[in-house]
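Structure record follows, encoded as structure tokens.
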Amino acid sequence: MPLLLAVVIGGLYATALYLILRRSIVKLLIGLALLTNAANLLIFTSAGLTRATAPIVPLGSDRPPAPFADPLAQAMILTAIVIGFGVLAFMVVLVHRAVQAVGTDDLDDLKATDT
Amino acid sequence: MNLFLLGTLLVPLLTGIACLLAWRRRTTQRGLGLAGATAHFGATLGLLWTVASDGIQTAQIGAWPAPFGITIVADLFSAIMAVVAGMMGLAVTVYSLGSMDARREEYGYYPLFHVLLLGVSGAFLAGDIFNLYVWFEVMLIASFALLVLGGERAQIEGAIKYVTLNLISSAFFLTAVGILYGMTGTLNMADLARALSRTAAPGLVTTVGLLFLVAFGIKAATFPLFFWLPASYHTPPVATSAIFAGLLTKVGVYALIRVFTLLFVQDPGFIHTLILVIAGLTMATGVLGAVAQNEFRRILAFHIVSQIGYMIMGLGLFTPLGLAGSIFYITHHIIVKTNLFLISGIAYRLRGTYVLKDLGGLYRTQPALALLFLVPAFSLAGVPPLSGFAAKLSLVQAGLAGQQYAVVATALAVGLLTLFSMTKIWAEAFWKGDTGESAATPRPGSAAGVRPRGLTSMFMPVVVLAAVTVAIGLAAQPLFTLTWRAAEQLLDPTAYINAVLGSPR
Amino acid sequence: MSGTGPLLAAVSNVVLAMLTSTLLLALVRLVRGPSLPDRVVALDLIALTVVGFVAVYEIRTAQPVLLDAAIVLALIGFLSTVAFARYLERGARR
Amino acid sequence: MTVAVLSGFVLALAAPWLVRATGRAAGWVTALLPLALTVYFGSLLGQIGAGDALNVTHSWIPALGMQFSLYLDGLGLLFALLICGIGTLIFIYSGGYLPNDPHLGRFLSMLLLFMGAMLGLVLADNVIVLFVFWELTSISSYFLIGFQHSRPEARAAALQALLVTGVGGVALLLGVLLLGQVGGSLELSTLLGRGNEIRAHPLYLPILVLVLLGAFTKSAQVPFHFWLPAAMEAPTPVSAYLHSATMVKAGVYLLARMSPILGGTDPWVALVTTVGAVTMLAGGTLALLRTDLKQILAYTTVAALGTLTMLLGMGTADAARACMTFLLAHAFYKGALFLGAGSLEHGAGSRDVDHLGGLWRTMPLTTAAAGLAALALAGFGPVLSFIGKELLLEAVLAQSPTRALLAPAVLAGSALSVAAAAIVGLRPFAGTRPDELSDAQEAPASLWLGPVVLAAGGVVLGLRPEILAEPIVTASAASVLTRREVADLALWHGPNPALAFSGASLVLGLLVYRAWPTIRRSAAARTWWLSWGGPSRWYELGLQALSWLAESQTRLLQSGYLRLYLIMILITANGLAAYALLARVRWQPIVLQPAVQLHDAFIGALILLGALAAAGSASRLGAVAALGVVGAGISLVYISFGAPDLAMTQFLVEAFTVILLVLAFYHLPRFARLSGRTARLRDVVIAGVSGTLVAALVLLTTTARRDSRIAEYFAEHSVAAAHGRNIVNVILVDFRSLDTLGEITVLATAAIGVYVLLRLRPEKGSTP
Amino acid sequence: MTEWVTALLLLLGGAFILLAGIGILRMPDVYTRMQPATKAATLGVGCLLLAVAVHFDDLGIRTRALAAIAFVLLTAPVAAHMIGRAAYIVGVPLWEGTIVDELRGQYDVRAGVLRSRATRGSGTPAAGGE
Amino acid sequence: MRSLILRTAARLLLPLLLLFSVFLLIRGHNEPGGGFAAGLVASAAFALHAFAEGLPQTRRMIRVDPISLLGAGLLVTAAGGVAGVLAGQPFLTGQWVSLAPVGLGHVDIGTPVVFDVGVYLVVVGAVLTIIFTIMEEA
Amino acid sequence: MRVFLWNLLLALTWTAVTGRFTLSNLALGFALGYLALRFSGLVGRAAYGSRIRRVIEFLLFYFWELLLANLRVAYDVLTPRHHMRPGILAIPLDARTDGEIAILANLITLTPGTLSLDVSDDRQVLYIHATYVDEVEAFRQRLKEKLERRVLEVTR
Ligand code: NA
Ligand code: NA
């Protein structure tokens with residue numbers, strides 16, 4: 001399974017980065033969204049996979065039955081998902097405003113602020 | 001529990017919340033912003049004082065013991081950074097009271113500003129690698145919003161690059177954290193240091209270290225990862241530029257120094273040499289970028305890049321003197337660079353442009369401003385006996401001691417080019433006579449003789465920061481003693497690890 | 001995969017394979033289009049299939065806690081469909 | 001002594017107010033400080049002249065080896081007296097030269113700053129402190145040259161001087177730091193005794209070159225001399241003080257100071273002597289090609305600096321004595337000449353020798369002073385400079401190995417001086433007065449006092465050298481030689497080869513003067529090579545090359561194309577990671593558990609194909625839908641491996657992402673295929689390499705994995721201590737609630753960001 | 001016994017959903033594709049959730065599984081309606097074998113009005129879509 | 001163009017979704033859910049309402065400006081954290097009381113739960129601010 | 001009364017969903033449901049009777065129809081040739097309230113082979129897409145009688 005997921009994660013990173021390298025600002029956006037997902041899946045995979053129970057203590061027990069999935073990795077991913085969502089929302093609107101301001105979605109037209 | 005440690009985090013948080021609750025009530029927010037920034041600066045001073053006298057301060061959030069709960073920890077390096085951040089927060093707040101326009105003040109400037117301070121302070125105090133990631137994101141999102149606040153086209157364009165490249169950096173960071181956690185099963189940095197010191201896979205650790213190098217290298221704007229900075233820093237209102245210039249990249253530098261003294265020290269022959277090479281290239285490319293510019297803030301922005309090279313040079317040298325020099329350099333640079341941006345804002349307020357060609361005559365009409373410009377400008381270039389000289393000198397001495405002649409030569413040559421480009425600003429904006437065009441678009445109320453509103457509160461922080469620059473230049477020893485001690489703490493992290501985890505039995 | 005007998009284990013293997021094949025078939029439609037509504041239909045089907053997947057997995061691993069995830073998906077999966085539809089109609093109105 | 005050094009700085013701060021308070025008398029008032037200092041240093045003459053040295057040390061930045069330590073020996077005293085003595089006259093002069101200038105305060109302030117810096121430079125014991133003052137003199141010179149800042153030429157000249165001396169400063173810093181390393185101390189007083197070790201060290205040659213670079217740039221040695229004539233943009237008192245009497249001699253001071261430490265070796269002798277001799281000749285020659293008085297004087301200063309350098313290169317006792325004597329003499333006569341030129345300009349309105357003439361009637365005092373000083377420049381008459389020149393000739397003729405080379409050079413140099421002296425001493429004053437000078441008049445006292453005192457001083461010292469010159473020269477030469485040999489200075493040494501040489505130079509010089517108009521004409525036709533091949537041209541070319549380099553580098557790196565930035569970042573990351581993975585990692589068998597089941601493979605395929613669909617989609621909303629598929633696939637992975645919270649959140653966030661994109665895309669243009677085939681191929685390769693590296697890293701991580709005791713702790717304490725059964729949620733709201741606090745801050749801030757982006761639109765003419 | 005019922009329901013549900021998958025691929029236009037995609041899938045998911053209700057002998061789980069079924073039955077047709085209507089409004093073409101279209105001309109997209117047959121007018125569906 | 005079918009369904013779904021969100025919030029400490037997921041479900045309810053009825057109606061129904069929920073939510077989380085400090089313990093230390101109201105059995109109420117409520121408010125405020133702002137733009 | 005029933009329904013949903021059938025939980029659900037109703041402005045709108053028997057009858061009928069129709073779709077999907085005769089029909093409505101119309105429309109959609117597209121603004125007509133329209137008028141009548149009549153029986 002790690003092999004499969006490694007391939008999947010690698011593929012996600014590759015596609016995300018490919019999209020980020022496009023000239024179309026909208027593709028850039030989709031690439032960023034994919035990249036967040038890819039990073040989350042990477043954390044999930046490298047923290048170790050157990051086809052096991054969720055890290056939830058059954059009622060009446062005081063610890064989850066072993067083996068259980070790593071809860072800390074999950075908490076990290078949850079935090080990362082939320083952060084990613086907030087940032088993506090901002091980016092979406094920023095892109096929207098950029099297209100409005102410049103009148104094109106071609107990133108090559110956005111270079112007035114450099115030299 | 002050290003209240004100063006907590007206050008460094010809580011004050012900006014609560015101030016941000018209070019400003020948010022006072023949404024669109026401008027006067028209230030101005031008062032809250034000033035009070036909050038003052039209190040925050042006070043807290044950081046208290047923190048530094050405690051750390052300097054009582055040693056490393058730690059707190060376990062939620063009372064969960066390390067390495068299980070999140071640790072916030074202040075060693076001398078953190079505390080120094082926090083103090084400088086607090087000082088800049090206060091200075092820029094006072095400046096903003098005079099310079100920020102009412103609409104931006106109404107629409108969230110103060111809450112965003114304090115969230116930014118929260119993120120920065122959090123990053124300095126984080127004792128947990130994932131928590132560091134979170135604070136980075138807090139800082140970034142606040143900087144995103146501040147960058148676009150006002151929504152002018154240049155801001156939006158600059159923001160696209162700034163946001164994209166910083167998000168890529170965050171992705172690297174997150175990836176690296178994920179792999180690190182996978183390898184070690186822990187996030188607490190002290191615990192990580194222990195785990196990595198006895199790792200069975202040193203090569204993998206080096207690889208992860210390189211990922212962190214890229215992630216923080218982007219944040220810190222090193223070669224060849226700095227592009228977001230010159231593309232965006234000159235676009236927002238100047239107070240925002242100033243706080244960005246002072247703090248943001250320095251958080252990246254902080255993180256570089258932290259992880260490459262605490263975590264990734266297994267392969268210094270490779271990684272730290274690499275950092276040294278990057279340092280040299282960063283200095284050189286940054287200063288050349290500045291030489292090519294003809295606009296006040298763009299020159300300053302490129303100089304940030306260049307100066308980052310000095311800051312990581314000490315890290316690359318990896319000696320007490322080098323690191324002490326780096327920390328001294330960061331401190332000096334934050335004060336000086338923020339001040340230069342603030343001064344550019346005053347020039348803009350008086351002349352309505354940042355373009356050097358259209359500026360001029362400020363020496364004749366604004367001798368005080370001219371003098372105030374010279375202090376940070378020469379300090380930036382390392383002219384003795386200002387703060388930049390002591391900073392550069394320590395790095396050069398450390399470099400010579402390590403026989404790294406190439407990077408030392410680069411550092412000194414870049415200093416000269418920095419001087420060149422500061423005198424360019426001086427000659428064009430101050431010495432040169434009034435140009436006919438400069439009056440083309442005067443600010444409302446900036447006509448001859450009429451002092452535009454808000455100038456007093458814009459001048460005040462500039463004067464204070466210039467005084468500080470002179471003071472730490474002339475009396476560098478106290479600060480240097482402090483940075484030296486900070487560097488020793490960094491190079492021997494046992495104290496840090498024990499402060500967080502308790503001594504090993 | 002605790003708590004299930006060999007029968008359900010085998011059956012769930014088959015059913016999961018069926019469900020995931022459906023996902024791939026829907027993906028083909030999503031890629032092929034040709035119209036946006038076609039793609040949205042495919043996405044809608046994928047959302048429903050995922051609900052089914054969760055249900056099967058719940059039985060397979062004896063984890064009733066997964067049910068909440070299924071309910072969430074059942075409730076809001078169609079929100080994105082509505083958003084797409086709204087988008088299309090607005091586009092038509094312009 | 002510390003007070004003496006620092007008093008200049010303190011008064012510099014007060015100068016603007018002082019000027020406001022004292023008005024026209026400001027020059028006289030400020031001159032009290034250098035006067036007092038002169039008296040102070042004069043009072044030390046007996047003690048120091050007897051061979052003593054004073055040493056004062058204050059702690060400054062001990063961590064950097066920087067202590068504020070001062071060391072006063074004969075050499076330092078000679079310079080200190082020059083600085084303060086001439087300074088006194090300069091301050092008086094300045095008050096008269098710029099009586100109504102609104103910026104007189106700033107001017108005096110800068111001048112005081114310079115004086116303090118110069119004193120510090122020559123008295124510093126610590127080499128870093130020496131460098132600090134060295135740089136301060138450059139900086140104050142920058143401001144003083146650029147004093148008439150509305151003139152572009154003044155600004156350019158100021159910058160040129162700053163950059164040229166700045167390069168030298170950088171070299172000097174490197175040099176002294178290495179010297180400190182090699183010599184084991186940063187104190188000159190200590191280093192003086194360690195010359196042998198230092199000269200034997202492998203770093204000796206780099207140190208020597210670096211220090212010499214510092215000295216040569218500051219003292220305007222060929223090929224760095226060009227900044228000095230350009231610096232004549234400065235007001236005349238500045239030219240007299242900085243660019244003739246004192247600052248430019250800092251290089252000479254440095255050579256003298258370093259002689260015991262670095263001197264005497266073959267490289268030293270070869271380099272210093274040659275550069276000095278060449279500079280002497282070049283300066284002398286170039287002086288003849290100018291008509292502006294200050295330009296001519298500047299080039300003769302270059303020549304004099306060359307002479308001094310040459311003498312220090314020779315390193316003999318004779319040479320050291322000659323050097324010190326000549327240095328003292330030069331300060332007097334050159335100061336007088338410059339000030340005289342300023343008085344002329346003040347009185348007659350011009351500095352061009354072709355436009356001046358017959359002024360001796362109207363400006364008798366100035367004429368007298370200038371005449372005496374010109375005699376000194378020529379090296380004849382009852383002046384100290386004559387003694388100096390005789391010593392110089394003796395020293396050159398005595399030194400056998402280089403005599404053949406140096407003697408003709410010195411002869412030529414002396415002759416050129418004579419010619420120059422004739423030009424500046426005769427031309428403006430003798431002959432008939434042109435009509436346009438009819439309203440010329442004698443300068444006020446403050447303006448003639450300086451030249452007269454200086455010129456007279458030269459005569460007095462020439463006639464009675466034993467009063468002042470002998471103790472000073474003996475003591476300062478002793479500093480260079482590290483042994484004391486009493487200097488026997490006298491105007492008349494009787495007929496000897498040197499005297500004959502002198503006579504020859506006089507004749508030659510007068511011949512040159514006769515031929516001067518012809519020389520100028522023919523030179524004017526040939527100076528094209530100077531403007532094309534001269535060092536100042538190199539400077540120009542250097543600046544152009546710098547700006548070309550800067551611009552092309554910036555165009556290349558900061559191109560404005562976001563994609564290129566990203567590509568550079570990715571290539572960097574790929575390169576580093578690939579190197580580390582290939583060269584630094586020991587690969588181990590990868591872990592394959594848990595095993596892949598059929599539906600796992602399908603889910604994997606779903607995610608990958610969904611991502612590819614998103615990448616390849618020609619429609620924006622199609623891409624969004626494909627993104628939804630990827631999200632669904634990832635949720636399935638979360639479901640399959642025990643993460644219901646993640647799956648649930650992923651669903652929810654995915655739905656909102658889709659909504660967000662759909663809402664926002666409503667206004668966005670359609671996809672266009674913008675990249676060409678090559679660009680796409682390039683990006684596929686870069687992205688593919690990144691993906692492969694990430695995959696490899698993930699696989700590697702599984703081999704190095706160890707179980708998390710943190711997770712174990714959380715499982716243990718979730719119910720017992722934190723009252724919650726959902727461990728993930730307990731982590732979020734309790735164990736690691738600080739993360740969550742940050743996370744929601746991000747979310748709230750993002751919301752504000754969105755709000756301001758859409759609500760706060762620019763008004764016309766904002767941005768403070 | 002319940003195990004067999006569960007197994008049967010699972011297989012039935014899986015089969016329906018697979019049917020939906022094949023259907024969405026095979027059907028000729030968007031409207032006919034929605035038939036299997038909405039209906040068969042809803043039924044399939046219903047069966048699978050029912051299997052959960054049968055399998056777990058726990059009242060809480062059973063009621064929640066039934067609630068989930070109810071939610072699916074509530075939302076799926078609304079979603080289908082929204083897509084179908086949007087498809088028609090943007091003018092996604094009907095299959096050539098379609099025998100009748102009584103909606104033609106009833107939408108006045110610009111005014112945002114859908115007329116009943118009684119007040120049939122001359123409006124035309126707007127062209128476009130993605 | 002409004003849809004009668006969507007509107008009717010939304011009217012039914014709004015209370016159901018809100019209820020479900022409260023359910024997720026309360027149960028989150030023990031079962032899957034929690035403030036974030038719950039907040040998103042609540043936001044989904046209002047977003048659906050806005051799609052069905054139009055944004056002005058939704059705003060009128062909600063009455064409060066979502067942006068004010070941001071400050072309020074953050075204040076609640078911070079207050080939950082400061083409670084620990086006031087009790088002389090580190091920031092964000094959980095403070096628990098055990099309640100036994102009639103008929104409800106034994107319930108633990110603690111600052112972490114309050115914290116989760118704050119998260120919930122912030123999420124609702126943020127998501128609605130984002131969605132509504134964009135919808136108004138569109 | 002209707003409000004009360006609605007509220008009770010929500011309370012039951014709550015207990016079902018929380019999975020704890022205790023009196024207190026029901027009370028909590030009731031209270032929360034009341035708040036939700038007040039908040040969403042739904043108070044005073046609902047129209048539900050308690051015709052349990054008719055509901056059950058209807059459901060049985062409907063599920064049978066559902067199964068049959070699904071099999072027909074299955075046959076069509078799985079066989080190589082299409083047997084469809086699709087068309088869009090206007091169904092005149094007897095149902096009047098929003099609730100009635102929505103229930104009818106959704107039930108039609110859930111039945112394989114038919115799909116509610118939209119309701120005319122005057123609520124006179126429901127436009128549906130049907131896949132197996134052998135004869136237009138007969139289809140229209142069958143739908144009205146078999147489905148609409150039974151739905152209205154339940155709701156009225
Ligand atoms: Na910065
Ligand atoms: Na969460």
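To find a chain, count down the sequence lines: A is the first, B the second, and so on, and within it residues start at 1.
At a 4.5 Å heavy-atom cutoff, the contact between C:Val41 and chain E is made by backbone and side-chain atoms alike. Using a 4.5 Å cut-off between heavy atoms, E:Ala15 touches chain C through backbone and side chain atoms alike. Heavy atoms of C:Leu67 lying under 4.5 Å from chain E belong exclusively to its side chain. Of the two parts of E:Ile22, the backbone and the side chain both hold a non-hydrogen atom closer than 4.5 Å to a non-hydrogen atom of chain C.
Note on C:Ile46, C:Val11, C:Val82: by heavy-atom pairs under 4.5 Å with chain E, the leading option is C:Val11. Heavy-atom pairs under 4.5 Å with chain C peak, among E:Leu19, E:Leu18, E:Thr6, at E:Leu18. The greatest number of non-hydrogen atom pairs below 4.5 Å with chain C, out of E:Leu48, E:Val78, E:Leu74, E:Val72, is found for E:Leu48. Per-residue heavy-atom pair counts under 4.5 Å with chain C were compared for E:Gly21, E:Ala76, E:Pro93, and the maximum is reached by E:Gly21. Most heavy-atom pairs under 4.5 Å with chain C, from the set E:Ile24, E:Leu49, E:Leu11: that is E:Ile24. In terms of heavy-atom pairs under 4.5 Å with chain C, the best-connected choice from E:Glu3, E:Met34, E:His81 is E:Glu3. Among the candidates E:Ala7, E:Ala41, E:Ala87, the residue making the largest number of heavy-atom pairs closer than 4.5 Å to chain C is E:Ala7.
The closest donor-acceptor contact from the side chain of C:Ser12 to the backbone of C:Ala9 lies under 3.5 Å. Under a 3.5 Å cut-off, the side chain of E:Arg62 and the backbone N or O of E:Phe56 do form a donor-acceptor pair. Under the 3.5 Å distance criterion, the side-chain polar atoms of C:Arg39 are left unmatched by any main-chain donor or acceptor of C:Arg29. The main-chain N or O of E:Ala80 is never found under 3.5 Å from a side-chain atom of C:Thr81 such that the two would form a donor-acceptor pair.
E:Arg85 forms no cation-pi arrangement with E:Tyr88, by the criterion of a distance under 6.0 Å to the ring centre and an angle within 45° of the ring axis.
Among all heavy-atom pairs drawn from E:Ile83 and C:Ala85, the shortest one is N-CB, 4.5 Å. The minimum heavy-atom distance linking E:Trp95 with E:Pro28 is given by the pair CD1-CB, 3.4 Å.
The pair C:Asp38-C:Arg32 does not meet the salt-bridge criterion, since no charged nitrogen lies less than 4.0 angstrom from a carboxylate oxygen.
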